[in-house]
J.: 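I am attaching a structure below and will ask some questions about it afterwards.
Whatever order the structure lists ligands and atoms in, that order sets their numbers, starting from 1. In this chain, numbering begins with 1 at the start of the sequence shown. Every value quoted in this text rests on a predicted model; they were computed, and no experiment measured them.
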Amino acid sequence: MSDIVVVGGGIIGLSIAWRLVERGADVTVLDGGDDGAWHVAAGMLAPGGESEHEDQRLIRLFERSAELWPGFAAELGVDVGYDDTGTLGLALTADDVAERSRLWTAQQLPLLRPSELRELEPALSPRVRLGALSRAERQVDPRKVVAALRNRLGSRIEASRVTGLSEVDARTVVVAAGCGTAALTGLPVRPVKGQVLRLRGEPGLLRHVLDAAVDGRDVYLVPRADGEVVVGATQEERTDRLITAGGVHDLLRAALDLVPALAEHELTETTVGHRPGTPDNAPLLGRLDERVIVAAGHFRNGVLLAPVTAELIAGLVLDGAADPMLGDFSPRRF
Ligand code: GLY
């Protein structure tokens, strides 16, 4: 067995392992074989848009990771769909405008009227009342990122379903097992269900990520260069994996209200996953005991937070000293 074992072959575990290997460490990743939340995730890198709360410690973590993403994507050395065109925040009804305007004002984004919005995004419905463009909110394709990380790590990844940490023979164990972290450590990580759709049509219909309030419902549309449009997501405090008529209906209705031409796209995938939530929905990052380090509970921001998590946890494992930033996210804070 290796000196260091990472339990969890999702985007967080693989990113940590990659950073450790780059620093010369002897690392094995134990991958339980299930597709993690990354497989469902759209890959929005949204340091502002996903932080509806004003938790400054979390916003600092988001911003640091967003800054790391361009270098992280470039170092992977293959196309991972990193795109910095930006995100258009949108509001359909007067109530949606009231709700979203607070966020845009806090982010000091200039407000855009319908004609300005349609100059940026010609396929938008004329019913959209107000919006704002954030150049800082970007996207990446999580499936391509995981494929690139797997390729980098190669035979260091072993298929193995860990049921208890005592069975892991290593000097240091990093638990990055998403929702599975609860059963392995007893930490309060809960599954928060999300249903996500994938549509496909002619490339170029949309240029920006769209992050919208539509009749009180939050929806995002993430267009890929190849014509795929990811539509997400429900947020349900449920553990089941059902793709429901109501979930699909709500997502499609909101997507078509925003961009009517999507009605002609093919519906290619309906997926469901579970975000790893915590009592304060901030991640658990740090030492649990002398042997075990945790990196889990990234809730809605696992893709965004992968680079900073990898950097901080690799530093903790190899240097022994915790970056001050980790102080806010101790896994023992509850
Ligand atoms: N980050 C988007 C989501 O969790 O749905």
Side-chain angles (χ1 to χ4, degrees), residues 10-12 15 35-53 55 58-59 61-63 65-66 69 80-83 86-90 100 103 107 134 136-146 178-179 181 189-199 208-214 216-224 228-239 241-244 246-248 250-252 254-255 258 269-278 280-284 296-309:
I11 198 163
I12 297 293
S15 298
D35 284 335
W38 59 268
H39 190 256
V40 176
M44 293 162 77
L45 305 175
E50 287 286 293
S51 56
E52 292 145 20
H53 40 73
D55 186 337
L58 199 48
I59 291 171
L61 195 71
F62 290 163
E63 289 176 348
S65 208
W69 252 109
V80 291
Y82 181 78
D83 183 318
T87 294
L88 268 181
L90 301 168
R100 287 296 175 112
L103 183 68
Q107 292 176 278
S134 170
E137 314 237 320
R138 300 167 178 180
Q139 66 151 308
V140 72
D141 184 337
R143 294 181 182 181
K144 288 186 175 170
V145 175
V146 166
C179 294
T181 302
V189 181
R190 72 184 196 289
V192 182
K193 178 179 170 184
Q195 300 182 55
V196 175
L197 312 177
R198 280 170 166 77
L199 314 180
H208 302 80
V209 173
L210 307 182
D211 180 8
V214 180
R217 206 174 289 283
D218 290 329
V219 66
Y220 49 80
L221 272 59
V222 180
R224 308 275 195 234
E228 181 175 84
V229 180
V230 185
V231 181
T234 66
Q235 183 167 315
E236 307 162 65
E237 295 286 339
R238 299 178 65 98
T239 55
R241 297 190 59 82
L242 294 179
I243 292 168
T244 62
V248 173
D250 288 349
L251 292 173
L252 283 180
L258 280 181
E269 271 190 65
T270 54
T271 55
V272 61
H274 291 94
R275 309 168 181 93
T278 64
D280 59 5
N281 287 328
L284 308 172
H298 292 74
F299 191 44
R300 294 179 65 100
N301 296 291
V303 179
L304 171 62
L305 291 175
V308 76
T309 300

J.: Given salt bridge (Lys or Arg N to Asp or Glu O under 4.0 Å), test R100 with D211 step by step and report yes or no.
T.: CA-CA 10 Å; R100 287 296 175 112; D211 180 8; 3.6 Å; yes

J.: Could you tell me whether some N/O pair between N301 and ligand 1 is separated by less than 3.5 angstrom?
T.: no

J.: Is it the side chain (CB and beyond), the backbone, both or neither of R275 that lies under 4.0 Å from ligand 1, heavy atoms counted?
T.: side chain

J.: Using a 4.0 Å cut-off to any heavy atom of A233, which atoms of ligand 1 qualify?
T.: 5 (O)

J.: Quick one: does any side-chain atom of E228 pair with a main-chain N or O of R198 as donor and acceptor, under 3.5 Å?
T.: no

J.: Does some side-chain heavy atom of T234 sit less than 4.5 Å from a side-chain heavy atom of L251?
T.: yes

J.: With no hydrogens and no angle check, do the side chains of T271 and E269 hold a donor and an acceptor under 3.5 Å apart?
T.: no

J.: Would you kindly specify which portion of Y220 sits under 4.0 Å from ligand 1, judged on non-hydrogen atoms: side chain, backbone, both or neither?
T.: side chain

